[in-house]
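Accompanying notes for the structure given below.
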Amino acid sequence: MSLIPFTRWPDAFAERYRQAGYWLGKPLSHMLAVQAETQPEAIAVVCGERELSYAELDALSTNLAQRLANHGLGQGDRALVQLGNQAELYIVFFALLKAGIAPVNALFSHSRLELRAYAEQIRPRLLIASRLHPLFQNDDLFLAELQQLAGIDTALLHADGLAQRGLAAWLQPVAAGCDFAPTPADEVAFFQLSGGSTGTPKLIPRTHDDYYYSVRRSVELCGFDRDTRYLCALPAAHNFPLSSPGALGVFVAGGRVVLAADPGPASCFALIAAQQVNVAALVPPALSLWLQAAPGHEAELASLRLLQVGGARLPEAQARRIPVVLGCRLQQVFGMAEGLVNYTRLDDDDEHVYLTQGRPMSPDDEVKVVDRDGRPVAPGQVGALLTRGPYTIRGYFQSPEHNAQAFDAEGFYRSGDLVQLRADGYLVVVGRIKDQINRGGEKIAAEEVENLLMAHPAVTHAALVSMPDPGMGEKSCAFIVSRDPTLKAVALRKYLRGLGLADYKLPDRIEQVAALPMTAVGKVDKTRLRRRLAEQLTVTE
Ligand code: J2J
């Protein structure tokens, strides 16, 4: 069976990363094997009333891997997976890794359009989804559509009453049959999702070697160990709670992941108290809610020692309130699913922790900060961030044209962030050049939404821009030119939802204009739109 093609690191780099001990030549499932061997009875995952030991997590994922292998699935195959914050997400992830099947883990908030786009790109033979998701709840229409579209021949549903399709039956022990094995460590293990700035969301091929290194290095820097009790309240498939150090970091360290359905303070505070959680990871809007809700709940939060915050800009004032209100330390995390992750260090002084987004985790992360013409800026000046290193991809999946722009001639990835690189190596994120809205950590590619808006029969032009929002940091505003002056925002949102767009991508505000302002080179002038919006918002508030 042929393996998945992807853009490899040049040999000299691969050699260096192996020599340095970053790339171990071991599959990601190795981390689970180690714990199942050394402390099988230790609890790996707490999910509601359920507790899964390392031995159980290992056995259940092996059962599923064996059944999938017996079913004819294996190396080179792809899977589309959509599971929420449940233990099954990790069981399935390890099962697929063990069987050499590369999954895309869609976020639970994703809807028809996103799943279709992923399926079209990877052409999975296997779908694993959840009856708890509206798309798979009542009828099997969408399931049938996906199967037809992508050639999926096996669909397993979590929480399904039907025995033959229920995921539960596939987790039961089975007599050995076909052999199975992970893909070689320097091959694609799975696909991460890019926040994106293009019409269709791009997929990020991650190898065992590079991802395992990023997790191990994160564990080292964040001091995770067997006593770590990590609250996973962000969407568990996202790169941050999966790998920075995230749940995989907990498994490497032999600690315990406590799953929360959402990052709301009510459920999280109770879980922290009940499970004696000592580390949690949040995006800034969730942090705001925690800060508001915490007074009076100090006793529940007593076990919490470290709070990681990342995914979007964290205002300094909020950062400084963390130790005072929540009684724990802050660690800023500036990462990206394409690779590079920056952390403030556990022993950094206040100035670094509150005012910077940390520094690259690997000694071999290379960072360039450049001006519009691609020339390095003077130290400390603002410029665009480019990076390459032992866990940063060299190309998106099957996207040669986009890759030609997203990577420079030396293989550096253009993250699209505007940063300052300080003399001490710490980065400060000051803005963005990519055409994206960062809605409280959830990324929206402007072009994707604009194309859908323009598919509406009355809309002739559309531009999506960010607008400041006190709770979310940013929200989205669509400027549209319409043939129908009576076209209502509600109707347009309903239209987009009808097309199958995830809810978080629906424009928060929609403005009808006579024409969109253009730049000298004939592109929509989004700076002017944002400025206009800022003026309007200050007038109306
Ligand atoms: C400002 N912007 C930030 C931060 C990410 C760890 C943490 C986060 C992500 C992530 C991740 C930011 N301050 N602290 O994958 O492993 C914005 C930047 C960046 C983009 C990446 C991880 N932390 N950002 O957020 O792939 O614009 O990864 O380029 O979702 O989020 O988004 P994503």
Yes or no on side-chain contact (heavy atoms from CB on, under 4.5 Å) for Asn239 and Tyr211, after CA distance, side-chain angles and deciding distance? CA-CA 10 Å; Asn239 201 52; Tyr211 211 65; 2.7 Å; yes
Tell me, with the steps shown, if Ile437 and Glu442 meet side-chain contact (heavy atoms from CB on, under 4.5 Å). CA-CA 8 Å; Ile437 290 98; Glu442 291 188 305; over 6 Å; no
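- No donor-acceptor pair closer than 3.5 Å links the side chain of Tyr17 to the backbone N or O of Asp210.
- Although no hydrogens or angles enter the test, the distance criterion places a donor-acceptor pair under 3.5 Å between the side chain of Gln357 and the main chain of Val429.
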Stepwise, does the side-chain contact (heavy atoms from CB on, under 4.5 Å) test hold for Gln192 with Leu242? CA-CA 10 Å; Gln192 244 322 340; Leu242 188 66; 4.0 Å; yes
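- Rounded to the nearest 0.5 angstrom, Ser244 OG and Gln331 CD are separated by 9.5 Å.
- Across all their heavy atoms, Arg206 and Tyr391 have their closest contact at NH2-O, 3.1 Å.
- In this pair, His110 and Tyr504 present their aromatic rings tilted. The plane angle is within the 30 to 60° band.
- Summarising the local packing, CZ of Arg305 is surrounded by 12 or fewer heavy atoms from other residues, nucleotides or ligands at distances under 6.0 Å.
- When all heavy atoms are compared, the tightest approach of Ala44 to Leu57 is CB-CD2, 4.1 Å.
- Contact check for Ser214 versus Met361: side-chain heavy atoms found under the 4.5 Å cut-off.
- Gln420 places a side-chain N or O within 3.5 Å of a backbone atom of Gly380 that can act as its donor or acceptor partner.
- Gln35 contributes atom CD, which lies 10.0 Å from atom CZ of Phe251 (distance to the nearest 0.5 angstrom).
- Glu41 meets the salt bridge (charged side-chain N to carboxylate O under 4.0 Å, His left out) test with no other residue; sequence neighbours excluded.
- Just one of Asn342, Asp348, Thr344, Thr356 meets the side chain to side chain donor-acceptor pair (under 3.5 Å) condition when paired with Tyr426; it is Asp348.
- In this structure, Arg216 satisfies the cation-pi test against Tyr212, with its NZ or CZ atom closer than 6.0 Å to the six-membered ring centre and inside 45 degrees of the ring normal.
- Remark: Trp290 CH2 to Leu326 CG distance equals 7.5 Å, nearest 0.5 Å.
- For the pair Gln436 (side chain) and Ser197 (backbone), a donor-acceptor distance under 3.5 Å is absent.
- Using a 4.5 Å cut-off on side-chain heavy atoms (C-beta onward), Met31 and Val34 make no contact.
- You'll find the side chain of Val309 stays beyond 4.5 Å of the side chain of Gln318, heavy atoms only.
- Ring to ring, Phe190 and Phe93 are close: their centroids are under 6.0 angstrom apart.
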Worked verdict on Glu511 versus Arg532 for side-chain contact (heavy atoms from CB on, under 4.5 Å): CA-CA 11 Å; Glu511 294 268 326; Arg532 184 188 299 185; over 6 Å; no
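- Inter-residue side-chain proximity for Asp508 and Ser476 is flagged as met; some heavy-atom pair is nearer than 4.5 Å.
- Expressed to the nearest 0.5 Å, how far NZ of Lys526 lies from CZ of Arg530 amounts to 7.5 Å.
- Between Phe108 and His133, the ring-plane angle classifies as perpendicular under the 30° and 60° cut-offs.
- Side chain of Ser303 to main chain of Val277: a donor-acceptor pair is present (N/O by atom type, distance under 3.5 Å, no hydrogens or angles).
- Rounding to the nearest 0.5 angstrom, the gap separating the OG atom in Ser109 from the NZ atom in Lys505 is 8.5 Å.
- Side chain of Ser53 to backbone of Glu56: a donor-acceptor contact under 3.5 angstrom is found.
- A salt bridge does not link Glu338 with Lys434: none of the charged nitrogens is closer than 4.0 Å to a carboxylate oxygen.
- Ion pairing between a basic and an acidic side chain is recognised when a charged N comes within 4.0 Å of a carboxylate O; Arg531 and Glu535 show no such pairing.
- Between the side chain of Gln276 and the backbone N or O of Arg229 there is no donor-acceptor pair closer than 3.5 Å.
- Proximity of a side-chain donor or acceptor of Asp225 to a complementary backbone N or O of Gly255 within less than 3.5 Å is not detected.
- Screening Gln332, Arg422, Arg359, Arg345 against His352 for a side chain to side chain donor-acceptor pair (under 3.5 Å) leaves a single residue, Arg422.
- Scanning both residues, Ala281 and Tyr230, for their nearest heavy atoms gives CB-OH, 3.4 Å.
- Cation-pi check for Lys202 over Tyr396 is not met; the charged atom does not lie both under 6.0 angstrom from the ring centroid and within 45 degrees of its normal.
- At least one donor-acceptor pair under 3.5 Å links the side chain of Ser130 to the backbone N or O of Leu132.
- Side-chain contact between Val367 and Pro360: present, with at least one pair of heavy atoms (C-beta onward) separated by less than 4.5 Å.
- Of the possible donor and acceptor atoms, none in the side chain of His158 sits under 3.5 Å from a partner among the backbone N and O of Ile128.
- Note that NE2 of His402 is 14.5 Å distant from CZ of Phe397, once rounded to the nearest 0.5 Å.
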